[in-house]
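Atom set for the values below is all heavy atoms of this structure, side chains included, hydrogens, waters and symmetry mates excluded.
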Amino acid sequence: MPNSDDPDPRFLAGVRLFNAGEFFDAHEVWEELWRDCPAADRRFVQALIQAAVAVYHLSRGNFAGAARLFGSGRRYADPYRPTHMGLDIDRFWHTMESHLAPALTGGASGPRPAITLSPDPAGPA
């Protein structure tokens, strides 16, 4: 996968879909990227795929699946901290944790997560 100054168009397409709430479609785009990306980026892309599917599971009431994918996705993203491809890893997963609270702790759901890249190579949404 190119660096954050020249990201793969599929990475950006997935970001746009994720931010539009099209989590299943984001997962599909990132899965295609995952098959082609270098080994060094595979776990990062896999973490994004799992984040998207976790939110999708939550929306369908599959709390166990959402919690499981949140945990593994967060672990996969951990080595890329603090930022990778312009994504603030900790901020993103904190937002995910808040949104997935019904599945993780039984609490109320926080705002829908969004991916904010710095600088934003995706341009306006």
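- Closest heavy-atom contact between A20 and R112: C-NH2, 3.8 Å.
- Taking the ring pair (Phe, Tyr, Trp, His ring centres under 6.0 Å) definition, one finds that F63 meets it with nothing, sequence neighbours left out.
- N19 places a side-chain N or O within 3.5 Å of a backbone atom of I115 that can act as its donor or acceptor partner.
- For F18 and Y56, the distance between ring centers is not under 6.0 angstrom.
- Counting all heavy atoms, side chain and backbone alike, L117 lies closest to M85 at CD2-O, 3.6 Å.
- R10 and L33 get closest at one heavy-atom pair: NH2-CD1, 3.7 Å.
- Shown here for G73 and A47, the closest heavy-atom pair between the two residues is O-CB, 3.3 Å.
- A51 and W93 make their closest contact through CB-CH2, 3.7 Å (heavy atoms, listed as atom of the first residue, atom of the second, distance).
- Of all the heavy atoms in A54 and A66, the pair that sits closest is O-CB, 3.3 Å.
- Residues passing the ring pair (Phe, Tyr, Trp, His ring centres under 6.0 Å) test with W34, sequence neighbours excluded: none.
- The side-chain contact (heavy atoms from CB on, under 4.5 Å) search around R75 returns S72, not counting sequence neighbours.
- Checked against salt bridge (Lys or Arg N to Asp or Glu O under 4.0 Å), E22 has no partners two or more places apart in sequence or in another chain.
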Would you list the atom pairs, donor with acceptor, under 3.5 Å between side chains in residues 103-110 and any protein atom, with sequence neighbours excluded?
unit_1, atom_1, unit_2, atom_2, d
T105, OG1, A101, O, 3.2
T105, OG1, G107, N, 3.2
S109, OG, H99, O, 2.7
S109, OG, H99, ND1, 3.3

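- Through direct or indirect side-chain contacts shorter than 4.5 Å among Ile, Leu, Val, Met, Phe, Trp and Tyr, V29 is connected to L17.
- Residues P82 and D88 are not in side-chain contact: their nearest non-hydrogen atoms beyond the backbone lie 4.5 Å or more apart.
- Partners of R43 under the side-chain contact (heavy atoms from CB on, under 4.5 Å) rule, at least two apart in sequence or in another chain, are Q46, Y76, Y80.
- Pairs passing the salt bridge (Lys or Arg N to Asp or Glu O under 4.0 Å) check and including a residue from residues 47-56, sequence neighbours excluded, do not occur.
- Side-chain contact check for E97 versus F92: every heavy-atom pair is 4.5 Å or farther apart.
- Taking the side-chain contact (heavy atoms from CB on, under 4.5 Å) definition, one finds that R81 meets it with D78, I89, D90, sequence neighbours left out.
- Every side-chain contact (heavy atoms from CB on, under 4.5 Å) that R35 has, sequence neighbours left out, goes to E31, E32.
- Side-chain atoms of V55 and P113, non-hydrogen and from C-beta on, do get closer than 4.5 Å to each other.
- Under the rule for a salt bridge (Lys or Arg N to Asp or Glu O under 4.0 Å), E28 has no partner lying at least two apart in sequence or in another chain.
- Legend: side-chain hydrogen bond (donor to acceptor under 3.5 Å, both in side chains) pairs involving residues 62-71, not counting sequence neighbours, sorted by first then second residue: H57-N62.
- Proximity of I49 to L69: side-chain heavy atoms (C-beta onward) are nowhere separated by under 4.5 Å.
- Counting heavy atoms from C-beta on, the side chains of T116 and R91 come closer than 4.5 Å.
- The CH2 atom of W30 lies 12.0 Å from the CD atom of Q50; values are rounded to the nearest 0.5 Å.
- Proximity of F11 to L87: side-chain heavy atoms (C-beta onward) are nowhere separated by under 4.5 Å.
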